[in-house]
Amino acid sequence: MTYHPKSEFLSVMMTRGFLAGCTDYQALDDALLRDVVPAYIGFDATAKSLHVGSLIQIMMLRWLQKTGHKPITLMGGGTTKVGDPSFRSDERPLLGPDEIAENMRGIRSVFAAYVTYGDGPTDALMVDNAEWLDDLNYLDFLRDIGRHFSVNRMLSFESVKSRIDREQSLSFLEFNYMILQAYDFLELNRRYGCLLQMGGSDQWGNIVNGIDLTRRVLDHEIYGLTSPLLTTSDGRKMGKSQDGAIWLDAAMCSPYNFWQFWRNTMDADVERFLKLYTELPLEECARLGALGGAEINEAKIVLADAVTTLLHGSDAAEAAKATAREVFEKGGVGDDLPTITVTRSMISDGLSNTALFVMAGLAPSGKEAKRLIAGGGASINDAVVTKPALIRAEDLGRDMKLSAGKKRHAIVKLAD
């Protein structure tokens, strides 16, 4: 179906590549034209930060607000205790309440960079689903909510069916997640007039469940909209690098490393990522994405600058670009490289160079650091490291530059 929306928000979703599916294009478009539409996306607190894989949903909330509607960021303080089984091959590890609370504090700080919170009609609202899930009476919930769900239908959803088809265990705890998420939509509609749930296309079944439940219990019409599950052109899951997730929290991924991740975008992804992750006009995204040869690198710098500015601010983006220029064009150290500090007591008996690469975040483990060295990919002060060895205090008389390949660098400083 080719639908030509009249509302600005739905038009942005379609033309910039955010839209994978919608439960009712015409009715949602009409609602967006008629009044301010409150819409939500849920984020479970399974880590201390969200990573780049969640950025497409965050940008959807940003565009929602920019086009005159009300974003609701739903924190999964309740559902994190259960775990979403969608398209996973195993059960999520269960987290305790203290760990969930700590993770939520870290995640909350990211959203303020993208949406404005407040009391106005289009100001964003942050809600925790533990407010209504923690105190549920199980028997009342089964009677009032559970009776509206067909197990046969739930088993047919692809997110569940794929687990069962692979003969992988799906616990009753996880199976309940779908009911809890549907109940979230019901409660958000009842409490805040929320009309739209957005999420990745793997959430389609959960979203449809919430729409059906709300229709049955409250007789309200609400809608669902999904985004594509992104992979890079070489098949990697979006938000992952060879070193793991690219986090949105500066304490877990420095602005320089974040900037560099986008600078290293593959040529084939540049236009698509400019449309999704920046606010540049579509014509400019197309122009930059069509550049060839060495010129495409300038487009990647525009992409890295724009995405980093949105999250970390223009000063951080400029500092990251200056450091990249110093390191790659001039062979220097740069002021914004990730830095670790070692003390004389830590290094009194010598510290292995493999340990330094791990401490600097250039290798995930000592084993991987040794493999990096064996492959000729590790350098110290631009000299290739040929074997594992001890680093002593006299070797750290000045800043030491560690490099893993040509694009990843860190600085080691010695403190008393």
* To do: Among residues two or more places apart or on two chains, list those pairs meeting side-chain hydrogen bond (donor to acceptor under 3.5 Å, both in side chains) that have a residue in residues 296-306.
  =>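 Residue pairs passing side-chain hydrogen bond (donor to acceptor under 3.5 Å, both in side chains), neighbours aside: W259-D305, D267-K300, D305-K321.
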* Asked: Would you say the side-chain atoms of T80 pair up with the backbone N or O of A45, donor to acceptor, closer than 3.5 Å?
  ->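 Pair found, side chain donor or acceptor close to backbone of A45.
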Determine whether [X] and [Y] make a side-chain contact, defined as any pair of heavy atoms from C-beta on separated by less than 4.5 Å.
{"X": "I246", "Y": "H51", "result": "no"}
{"X": "I107", "Y": "M75", "result": "yes"}
{"X": "R191", "Y": "W132", "result": "yes"}
{"X": "L55", "Y": "V307", "result": "yes"}
{"X": "Y183", "Y": "N129", "result": "no"}
{"X": "V127", "Y": "E187", "result": "no"}
{"X": "T46", "Y": "N103", "result": "no"}

Just how far is it from atom [atom1] of [X] to atom [atom2] of [Y], taken to the nearest 0.5 Å?
{"X": "I207", "Y": "L196", "atom1": "CD1", "atom2": "CG", "answer": "8.0 Å"}
{"X": "Q26", "Y": "L10", "atom1": "CD", "atom2": "CG", "answer": "10.0 Å"}
{"X": "L288", "Y": "K275", "atom1": "CG", "atom2": "NZ", "answer": "11.5 Å"}
{"X": "Y114", "Y": "W63", "atom1": "OH", "atom2": "CH2", "answer": "13.5 Å"}
{"X": "T23", "Y": "I211", "atom1": "OG1", "atom2": "CD1", "answer": "4.0 Å"}
{"X": "C253", "Y": "H312", "atom1": "SG", "atom2": "NE2", "answer": "6.5 Å"}

Donor-acceptor list for residues 277-284 side chains, cut-off 3.5 Å, not counting sequence neighbours:
residue : atom : partner : partner atom : Å
T278    : OG1  : L274    : O            : 2.6
T278    : OG1  : L280    : N            : 3.2
E279    : OE2  : R62     : NE           : 2.3
E279    : OE2  : R62     : NH2          : 3.2
E284    : OE1  : R287    : NE           : 3.0
E284    : OE2  : R287    : NH2          : 2.8

Table please: side-chain donor-acceptor pairs of residues 115-126 below 3.5 Å, with sequence neighbours left out.
residue : atom : partner : partner atom : Å
Y117    : OH   : T73     : OG1          : 2.9
D123    : OD2  : D119    : N            : 3.3
D123    : OD2  : G120    : N            : 2.8

* Do Q203 and Q197 meet the criterion of a side-chain donor-acceptor pair at a distance under 3.5 Å? -> no
* **Distance-only side-chain donor-acceptor flag, T79 / D44, under 3.5 Å** =>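 Yes - a donor-acceptor pair under 3.5 Å links their side chains.
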* Asked: Are the aromatic rings of Y192 and Y40 close, with centres under 6.0 Å apart?
  -> no
